[in-house]
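These notes are about the structure you will find just below.
Predicted model, so just to flag it, every value in this text is computed and none were measured.
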Amino acid sequence: MARLPHMPLLGEDNAHAGFFERDQYEAVRAELPEHLRPVTDFAYLTGWRIGEILGLTWRQVDFSAGVVRLEVGTTKTGEGRTFPFDLLPPLGELLQRQREHTSALERAPGRIIPWVFHSHGAPIRSYRSAWVGARRRAGLPGRVPHDFRRTAVCNLERAGVPRSVAVKLTGHKTESVYRRMPW
């Protein structure tokens with residue numbers, strides 16, 4: 001068998017650079033089905049990955065401590081994460097609305113809904129197809145939910161949160177995300 005010559009690979013630059021201004025986020029949000037809007041709000045506020053958000057359960061939300069947690073081993077990096085509500089009051093308000101919505105559905109006998117974000121009590125299995133349609137209708141083709149990660153970091157910095165804290169809250173490993181900011 002003939003041996004193929006060594007071919008060096010070209011470097012790959014796969015760093016995302018998208019970002020949402022508030023009006024763009026609101027335009028896409030308005031085009032999403034009602035049950036997916038809170039998921040998008042949470043992503044916009046926290047910068048957490050959609051998979052992390054869809055898997056979030058009520059046992060990870062501690063209203064008395066004012067935090068929402070991702071456990072060690074449940075994130076892309078394997079590291080746990082805690083996001084305090086008092087840092088962003090709209091986040092606490094969002095989670096309180098979700099708790100009230102969930103509690104109303106749980107009033108049916110024997111019904112327990114473990115997920116923070118759900119569709120009439122059932123887990124949300126897919127976000128992608130609704131997202132693609134919403135961004136197209138909003139006139140923002142090419143935008144991906146991952147863009148909320150940079151958006152949240154930028155919004156946290158604008159709110160006066162130190163960079164080192166913002167990257168920990170959103171789950172970034174380094175501050176390199178700041179090289180792709182819109183400022």
Do Ser103 and Glu100 have side-chain N/O donor and acceptor atoms under 3.5 Å apart? no
Any sub-3.5 Å donor-acceptor pair from Glu31's side-chain atoms to Arg137's backbone N or O? no
Set of salt bridge (charged side-chain N to carboxylate O under 4.0 Å, His left out) partners for Arg136, sequence neighbours left out: none
Looking at Thr46, Leu56, Thr82, which one forms a side chain to side chain contact (heavy atoms under 4.5 Å, CB included) with Leu70? Leu56
Do Tyr44 and Phe20 have ring centres separated by under 6.0 Å? no
Hey, does the Lys NZ or Arg CZ of Arg99 hover above the aromatic six-ring of Trp58, less than 6.0 Å from the centre and inside 45° of the axis? yes
Where do Leu140 and Gln24 come nearest, in terms of heavy atoms and distance? CD1-O, 3.6 Å
Suppose we screen for salt bridge (charged side-chain N to carboxylate O under 4.0 Å, His left out). Which residues come up paired with Arg22, at least two apart in sequence or across chains? Glu26
Residues in salt bridge (charged side-chain N to carboxylate O under 4.0 Å, His left out) with Glu34, at least two apart? Arg37
Run Val161 and Glu157 through side-chain contact (heavy atoms from CB on, under 4.5 Å) and show every step you take. CA-CA 5 Å; Val161 176; Glu157 172 141 333; over 6 Å; no
Smallest heavy-atom separation, Arg111 atom then Leu105 atom, equals CD-O, 3.5 Å
Provide the closest heavy-atom pair for Val39 versus His35 in the form atom of the first, atom of the second, distance. CG2-O, 4.3 Å
Taking ILVMFWY side chains as joined if any heavy atoms are under 4.5 angstrom apart, and letting links pass through other members, which residues group with Ile112? none
Which pairs of donor and acceptor atoms, one on a side chain in residues 120-135, lie under 3.5 Å apart (sequence neighbours left out)?
{"unit_1": "Tyr127", "atom_1": "OH", "unit_2": "Thr40", "atom_2": "OG1", "d": "2.5"}
{"unit_1": "Trp131", "atom_1": "NE1", "unit_2": "Arg143", "atom_2": "O", "d": "3.0"}
{"unit_1": "Arg135", "atom_1": "NH1", "unit_2": "Arg143", "atom_2": "O", "d": "2.7"}

Listed partners of Arg97 passing salt bridge (charged side-chain N to carboxylate O under 4.0 Å, His left out), at least two apart: none
